[in-house]
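Only heavy atoms go into these numbers, but all of them, side chains included; no hydrogens, no water, no symmetry mates. All values derive from a computational prediction rather than experimental measurement.
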Amino acid sequence: FIRGDANGDGNVNLPDMQFILNFLFLGGPDPRCMQSADPNGDGNVNLPDAQYGLNFPLPRRARSETALPSMRRGPAANGCSFGLSAPAES
């Protein structure tokens with residue numbers, strides 16, 4: 001999984017923070033992987049996660065080697081394997 005990639009599209013960007021807020025406050029869908037919706041890595045999905053995600057430059061954060069440790073790819077655990085491989089071509 002990619003920490004911060006709440007919507008599971010393989011990128012960390014503004015729609016991920018919107019996904020977290022929709023999940024928390026508007027009855028939006030559950031993240032497929034709760035760890036990916038926890039950008040600050042504190043073990044909870046809550047408002048500080050959306051705030052944390054918005055405090056850093058969005059375009060380069062997901063794949064950058066200089067990204068904060070909590071925003072880098074994490075090990076697959078608890079069913080959180082999406083985002084680790086390229087999607088199959090149709």
Side-chain angles (χ1 to χ4, degrees):
F1 76 99
I2 301 171
R3 192 170 297 279
D5 180 22
N7 65 11
D9 68 357
N11 297 298
V12 178
N13 49 29
L14 183 59
D16 293 299
M17 303 315 122
Q18 292 172 318
F19 189 94
I20 292 169
L21 293 171
N22 286 335
F23 164 68
L24 292 172
F25 300 111
L26 299 175
D30 291 351
R32 291 188 289 167
C33 174
M34 287 302 217
Q35 290 174 302
S36 67
D38 181 20
N40 67 10
D42 69 355
N44 300 300
V45 177
N46 48 27
L47 181 59
D49 290 303
Q51 293 168 323
Y52 183 90
L54 292 173
N55 282 325
F56 301 97
L58 292 168
R60 50 178 250 235
R61 144 177 98 202
R63 300 186 191 276
S64 172
E65 289 302 316
T66 61
L68 295 176
S70 64
M71 298 294 281
R72 293 185 183 149
R73 290 179 185 266
N78 301 325
C80 296
S81 60
F82 69 91
L84 293 176
S85 60
E89 294 184 28
S90 51

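- Side-chain atoms of Arg3 never come within 3.5 Å of backbone atoms of Asn40 as a donor-acceptor pair (strictly under, hydrogens ignored).
- Of the inter-residue distances, the one linking Tyr52 atom OH with Asn46 atom CG reads 13.0 Å to the nearest 0.5 angstrom.
- The distance from atom CG of Asp30 to atom CZ of Phe19, rounded to the nearest 0.5 Å, is 7.5 Å.
- Contact detail for Ala6 and Pro31: the closest heavy-atom pair is O-CB, 4.0 Å.
- In this structure, the side chains of Leu47 and Leu21 come closer than 4.5 Å at one or more pairs of heavy atoms.
- The only member of Asp9, Val12, Asp16 that meets side chain to side chain contact (heavy atoms under 4.5 Å, CB included) when paired with Ile2 is Val12.
- Side chain of Asp38 to backbone of Gly43: a donor-acceptor contact under 3.5 angstrom is found.
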